Amino acid sequence: MVDLLIDGFGQVLQWQNLIVLALGIILGMVLGAVPGLTSAMAIALIIPFTYALDPVTSIVMLLGAYKGGIYGGSIPAILIGTPGTPAAAATVADGYELARQGKGGKALRMALFASVTADLISDIVLIVVAIHLARFALMFGPAEFTVLMVFALTTVAISSGRSLTKGVISACLGMMVALIGVDPMTGRQRLTFGSLTLAGGLELVPLLIGLMAVSEVLVQVESRMRAAHVAHLPPPAQPSDGRLSLWEYLRHLKTILRSTFIGTIVGVIPGLGPTLGAYIAYNVAHQFATPAEQRLFGKGSLDGVAAAESGNNAVSGANMIPLLGFGVPGDLLAAVIIGAFLLQGIAPGPRIFTESPDVVYGIYAGLIVANLLLLAIALPTLRVFVRLAQVRTSLLFPLVVMFCIVGSYAFNQNIVDVYVMLVFGVLGYVMRKFGFPLSTLIIGFIVTPLLERSFRQSLIFSRGGYDIFFGSSITWVLWGLTALSLGLAVASRIRMARRIGTQVKGQT
Amino acid sequence: MLRDPATRLRVINILSGLAVLALCVAAYVWIIPAEVRMIRTGGASPHAFPNALAVVTGAAALLLVLQQVLPRRDGAADSDEDDDEGLHMPSRPAVLATGTAEDAPAHDRLALAWPWLLLLAALGFAMAMPWVGFVISAALGLGVMLLIFGETKPLPIAAIAVSGPILTKAFFQFVLGIRLPESGLPIPFI
């Protein structure tokens, strides 16, 4: 393992790869720093630039953009009180308050160091855990994989939004769309309505760009959003207010480590994602804080910034664990990364460790180097990104639409892909307006080929008997986990409904 | 009546639930039998997986409608939509713009028309691309989209509309080796 990791570092540290990685980080930071452009959207827009790159370089570039995007989101969160990405929403309360006290520089540096520390630890956990998970996954047959996919889709649907029902509908719609094309067992066309264009099925890249980027732009144009409103922030009262000392970092290290642990656990569980990681870490940090520090939460606590930022960044390495171990995307960004793997002709899952170990360890090395590069790039360029956070988005969004069109076209050099992308842009826009989560649709679309193949292979093995899905201890455990997560979700919603009911009665 | 957010949400949920339900019924009764060839491969029929999906989706859509229509006890929430409970959630400073449609100026009566106009511009850009080439279609498309986004100053519009497509085409062609459509005009690169 160590030899492979050293080879991976050798591959990533080539100057061409370092440049591409740095470009990915910078693009991610730029897009993350602009309110309205999310890190998922950044990755969807960057995918077309990776067509010509080799697998390790392209995936590392996307992961660099992901890391850069999540950190970039904290810049406007702290300086203008508007999270650049949803994952940075928890950073706003304390980060912006610190900026209003003239301590914006301190908050930005704490966010950076907390992010990098959490990311690094999370990546190490990935390196240690994923291979063991993959070895365990090799014991899985088609029936186990079927139930695993059902469990993953259930948790994704539960945690994707405010409505479990809408999450399920969204996931199922994504799965239906994935059925268009060729039947994996008979090789016959299905659901193509006689169209040759649909015979090969729908491509992932136009779907991703349409759902994640175009739909976001369509939502933003409603408000014809121009520059973010920037309040006047006071300069630092003393030089130390703009800096972060080693002592201050060490004083908050306990919070960072605790939040990293939380973010890592959140990242491993499919469907939860960095936003929830940040909120849970923030909440736990508030509970563990001393009474004096607790009073500062929401009013400019450096501990709050450290907790939120380490909580959301720790998710990024950990959500690769189910992806590499089982081939199951943990969240929307992992789903996009799966798309990048598939574009390169690599199927993520337990066999990747034996079939393409150079790719896996190249990615590991890339993740570690990306953290250090993020630190090296972000520290001296904070001022530039501060300006970017205030750029007029009315100038940027039309360019985003142009990149969406070019990116979809460039994949196959086929104009039909552009129309498909626009159709999914409209679908995504309508779904956003009606409160249906997009992440579950995308994850449903991505896991369906594996789910359907496993499901039908299982039934071939069992000669049509459905008892195969209850035929091993692994399937029983997975069914148990599925039932448990569903039960917990329903119970929490009933409890919430009762609480609201009691509050309504109390008011009347 | 639809100005009340709770009522609007309920109507939206009922309409979207009914639309999905109709799609699932159509899929189960008509689309899947017509579009999926019936070939015995052992195990489940090729219809089994698509049919199962249609049934699960239809059941979820029906549940969504029922959640809105059936009377609720205790005046509880309209559906299973709730907030994250129990967490100490950091609050967002109220003074700042979020850049979402909810914060759009109330007087902008065209708010709901802008997305469709933008979509029309993007569609025009895409349809024109094979005929007039990427640079010309993108320049025109970008110009229109900048106007839709509320840009009025001619200089930034012209600068972005001209330089954006040329730089993008150059990057794709010379760095990535991907050729974007050309106009056929006797102007190199355009």
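Since the structure is predicted, the reported quantities are computational estimates derived from the model, not experimental observations. Below, chains carry the letters A, B, ... as their sequence lines are ordered, and counting in each starts from 1.
Looking at A:Gln457, neither its backbone nor its side chain comes within 4.5 Å of chain B, counting heavy atoms on both sides. Using a 4.5 Å cut-off between heavy atoms, A:Phe193 contacts chain B through both its backbone and its side chain. If you measure heavy-atom distances from A:Val217 to chain B, the contacts under 4.5 Å come from both the backbone and the side chain. Using a 4.5 Å cut-off between heavy atoms, A:Leu395 contacts chain B through both its backbone and its side chain. Heavy-atom distances place the side chain of B:Thr168, and not its backbone, under 4.5 Å from chain A. If you measure heavy-atom distances from B:Pro130 to chain A, the contacts under 4.5 Å come from the side chain alone. Contact of B:Ala138 with chain A is made through the side chain alone, with heavy-atom distances under 4.5 Å. When heavy atoms are compared at a cutoff of 4.5 Å, A:Gln413 approaches chain B solely by way of its side chain, counted from C-beta outward. Interface remark: B:Leu15 contributes no atoms to any contact with chain A (heavy atom separation under 4.5 Å). With a threshold of 4.5 angstrom between heavy atoms, B:Ala121 does not approach chain A through any atom at all. Of the two parts of A:Leu399, the backbone and the side chain both hold a non-hydrogen atom closer than 4.5 Å to a non-hydrogen atom of chain B.
Rounding to the nearest 0.5 Å places CD1 of B:Ile148 at 12.5 Å from OG of A:Ser394. Here the straight-line distance linking atom CG of B:Leu146 with atom CZ of A:Phe397 works out to 12.5 Å at 0.5 Å rounding. Taking CD1 from B:Ile31 and CG from A:Leu179, the interatomic distance works out to 12.0 Å, rounded to the nearest 0.5 Å. A distance of 10.5 Å separates CG of A:Leu459 from CZ of B:Phe49, quoted to the nearest 0.5 Å. The distance from the CG atom of A:Leu396 to the CD1 atom of B:Ile160 is 8.0 Å, given to the nearest 0.5 Å. The distance from atom CZ of B:Phe172 to atom CZ of A:Phe403, rounded to the nearest 0.5 Å, is 7.0 Å.
When each of B:Leu119, B:Val56, B:Val36, B:Val20 is checked for heavy-atom pairs under 4.5 Å with chain A, B:Leu119 comes out on top. The candidate from A:Val401, A:Val284, A:Thr50, A:Thr448 with the greatest count of non-hydrogen atom pairs under 4.5 Å with chain B is A:Val401. For the options A:Val418, A:Val430, A:Val406, heavy-atom pairs under 4.5 Å to chain B are most numerous at A:Val406. Among the candidates A:Glu452, A:Gln189, A:Met421, the residue making the largest number of heavy-atom pairs closer than 4.5 Å to chain B is A:Glu452. Note: A:Met402 leads A:Met402, A:Met176, A:Arg190 in heavy-atom pairs under 4.5 Å with chain B. Per-residue heavy-atom pair counts under 4.5 Å with chain A were compared for B:Ala60, B:Ala59, B:Cys24, B:Ala122, and the maximum is reached by B:Ala60.
Counting heavy atoms of neighbouring residues, nucleotides and ligands inside a 6.0 Å radius, atom CG of B:Leu155 does not exceed 12 of them. Shown here is A:Tyr419, whose OH atom has more than 12 heavy atoms of other residues, nucleotides or ligands within 6.0 Å.
Aromatic ring pairs are classed by plane angle as parallel below 30°, tilted from 30° to 60° and perpendicular above 60°; the pair B:Trp116 and A:Tyr429 is perpendicular.
With hydrogens and angles ignored, the 3.5 Å screen pairs a side-chain donor or acceptor of B:Glu35 with a backbone N or O of A:Thr192.
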>> side chain to side chain contact (heavy atoms under 4.5 Å, CB included), that's the test. Do A:Val221 and B:Met145 meet it? Break it down for me.
In response: CA-CA 10 Å; A:Val221 76; B:Met145 286 190 279; over 6 Å; no

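Under the 4.5 Å side-chain criterion, counting only non-hydrogen atoms from C-beta, B:Pro46 is not in contact with A:Arg188.
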